[in-house]
Protein chains: 2
Amino acid sequence: MTDGLATANNNGHDHDLELGGLDQALGFHLRTAQQYVAREFAARFEHLDLSPVQYSALVLIENNPGRRQADLAAVLGVRQPNLVVRIDDLVNRGLVSRSADPLDRRANSLRLTAAGKKFMTQVRKAHEQHTDSLRNVLGQQDYEKVVEILSKLSGL
Amino acid sequence: MTDGLATANNNGHDHDLELGGLDQALGFHLRTAQQYVAREFAARFEHLDLSPVQYSALVLIENNPGRRQADLAAVLGVRQPNLVVRIDDLVNRGLVSRSADPLDRRANSLRLTAAGKKFMTQVRKAHEQHTDSLRNVLGQQDYEKVVEILSKLSGL
DNA sequence: TATTGTTATACTCTATAACTATA
DNA sequence: TATAGTTATAGAGTATAACAATA
């Protein structure tokens with residue numbers, strides 16, 4: 001293990017509680033697993049000051065230059081008002097440009113700036129380390145399997 | 001399909017965005033799948049006015065009468081101050097009793113009241129419907145598989 | 001000293017309503 | 001009339017610090 005977070009999230013409890021089926025409940029495991037992964041992500045992206053949604057937004061903007069915010073919000077599973085402030089931050093930091101879409105002047109065209117493109121090399125490295133850490137806990141096969149199964153719920 | 005929520009969460013988007021690997025990222029799927037399952041849960045437990053943590057707490061109290069709050073908090077993955085208010089609510093509703101532990105007078109002994117035990121029949125029914133809905137989307141085999149894999153991250 | 005439960009509090013994420021400017 | 005983006009705001013969920021009672 002390279003650090004404490006690479007260990008699975010047992011919350012430090014050697015519990016002896018009767019779980020009463022809680023250990024077979026998907027909702028329970030989803031919630032606690034998500035807590036663990038969110039913490040791993042936070043530790044890995046702390047120096048880049050990016051939230052999970054901001055990371056995903058940057059990846060989508062990089063791969064789909066010129067798209068509008070509504071399209072991103074739909075794929076990311078965030079409401080438009082909540083995405084606005086996240087994009088505001090990326091624009092203020094000079095990583096993303098917002099320009100009016102000439103075909104529809106209500107819409108904003110999102111693109112990475114030169115600084116944003118350069119920033120993505122660090123972002124990719126952080127995400128690789130994050131993914132490696134999770135793969136190290138689950139194993140390659142189970143990592144792919146759980147992604148495949150969860151896709152049916154996340155709808156992507 | 002029995003209702004709208006029984007459908008997987010595609011957020012209503014027939015997107016044509018290049019995902020740039022986002023669809024292979026566990027963190028992304030965990031977050032969006034958790035949103036879907038939390039909404040399914042909320043719809044299914046609305047009439048009982050129970051949060052996911054309160055549901056889990058009730059199950060643990062039922063199966064481990066007399067335990068202290070700290071033990072529950074550890075298993076549930078919640079901080080003690082946040083559990084207090086949840087238990088407060090269950091106590092105020094007459095479902096759970098808090099009594100001083102005679103062996104350690106700092107601690108609270110948690111038990112279901114008679115009303116709480118009766119309430120659990122409705123709770124079990126709601127959770128069965130919730131689980132059936134998720135199993136219907138995933139299939140029995142994948143439901144069990146994803147629970148097994150996520151257990152490595154949730155540490156239960 | 002350390003721990004249990006509690007209060008107070010702050011921060012993040014998420015949700016809706018209402019506005020503006022366009023369409 | 002409807003949509004894209006925005007503002008303001010409210011509600012969850014979660015985090016820490018500090019205190020009283022007890023160990």
Side-chain angles (χ1 to χ4, degrees), chain A residues 9 11-13 27-28 30-32 34-39 41-43 45-46 49-57 66-74 76-92 96-110, chain B residues 9 11-13 27-28 30-32 34-39 41-43 45-46 49-57 66-74 76-92 96-110:
Chain A
N9 171 33
N11 290 327
H13 54 254
F28 180 83
L30 261 183
R31 189 183 131 266
T32 48
Q34 217 267 320
Q35 283 185 342
Y36 171 74
V37 171
R39 270 174 197 128
F41 183 98
F45 279 81
E46 191 176 23
D49 195 28
L50 286 181
S51 73
V53 167
Q54 281 180 313
Y55 163 75
S56 303
R67 284 301 193 115
R68 48 178 64 181
Q69 293 176 198
D71 295 336
L72 264 62
L76 294 175
V78 225
R79 302 287 165 135
Q80 281 203 40
N82 299 325
L83 184 59
V84 168
V85 296
R86 294 306 199 173
I87 302 290
D88 278 349
D89 178 58
L90 297 175
V91 170
N92 290 337
V96 169
S97 72
R98 256 202 279 235
S99 55
D101 185 334
L103 299 170
D104 182 346
R105 295 205 330 273
R106 294 173 303 181
N108 284 334
S109 240
L110 299 177
Chain B
N9 171 31
N11 291 326
H13 53 254
F28 179 83
L30 261 182
R31 189 184 130 267
T32 48
Q34 217 269 322
Q35 282 185 343
Y36 171 74
V37 171
R39 270 176 197 128
F41 182 98
F45 279 81
E46 191 176 23
D49 196 25
L50 287 180
S51 73
V53 166
Q54 282 180 313
Y55 162 75
S56 303
R67 284 303 194 110
R68 47 177 66 181
Q69 294 176 197
D71 296 336
L72 264 63
L76 294 175
V78 212
R79 301 288 165 134
Q80 280 203 38
N82 299 325
L83 184 59
V84 168
V85 296
R86 294 306 199 174
I87 302 291
D88 279 348
D89 178 57
L90 297 176
V91 170
N92 290 337
V96 168
S97 73
R98 257 200 280 233
S99 56
D101 184 336
L103 299 170
D104 182 347
R105 295 205 328 272
R106 293 173 302 182
N108 284 334
S109 241
L110 299 178

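To find a chain, count down the sequence lines: A is the first, B the second, and so on, and within it residues start at 1.
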Touch class at under 4.0 angstrom, heavy-atom based, for A/N82 against every strand present: base

Among C/dT16, C/dT7, C/dA23, the nucleotide that comes nearest once only the side chain of A/D104 is considered: C/dA23

Nucleotide nearest B/D88 when distance is taken to its side chain, options D/dG5, C/dT7, C/dT14: C/dT7

B/E46 CD - C/dA15 P separation (whole Å): 14 Å

Gap between atoms CD and P, on A/Q69 and D/dT3 respectively (whole Å): 18 Å

Nearest-nucleotide pick for B/N108, side chain only, options being C/dT6, D/dA4, D/dT14: C/dT6

Closest-nucleotide ordering on DNA chain C, the 5'-leading residue of A/R105 and A/P81: A/P81

With B/L110, the side chain to side chain contact (heavy atoms under 4.5 Å, CB included) member among B/L72, B/L90, B/V91: B/L72

Considering all heavy atoms, the nearest A/S109-A/G66 contact: OG-O, 2.9 Å

N or O in side chain of B/R39 less than 4.0 angstrom from C/dA15 OP1/OP2: yes

Test side chain to side chain contact (heavy atoms under 4.5 Å, CB included) applied to B/N108 and B/R98, B/R68, B/R67, the passing residue: B/R98

Nearest listed nucleotide, side chain of B/V78, among C/dA15, D/dT14, D/dT6: D/dT14

Presence of donor-acceptor pair under 3.5 Å, side chain of B/R106 and base of C/dT3: yes

B/R98 vs C/dT6: side-chain N/O to OP1/OP2 distance below 4.0 Å: yes

B/L110 CG - C/dT6 C1' separation (whole Å): 14 Å

Whole-Å gap separating P (D/dT16) and CG (B/L83): 16 Å

Distance test, side-chain N/O of B/R68 to OP1/OP2 of D/dA23, below 4.0 Å: no

Given DNA chain D, 5'-ward residue of the pair A/S109 and B/P52, judged by closest heavy atom: A/S109

Side-chain donor/acceptor of A/R31 to backbone N/O of B/A38, under 3.5 Å: no

Touch class at under 4.0 angstrom, heavy-atom based, for B/Q80 against every strand present: base

Exercise: identify the closest heavy-atom pair between B/I87 and B/A57: CD1-CB, 4.4 Å

Atom-pair distance (CD1 on A/I87; P on D/dT7), nearest Å: 13 Å

Distance in angstrom units between B/Q34 CD and C/dT14 C1', rounded: 12 Å

Spacing of B/R31 atom CZ relative to C/dT14 atom C1', expressed in whole Å: 10 Å

Length of the line joining A/D101:CG and C/dA23:C1', which is rounded to integer Å: 12 Å

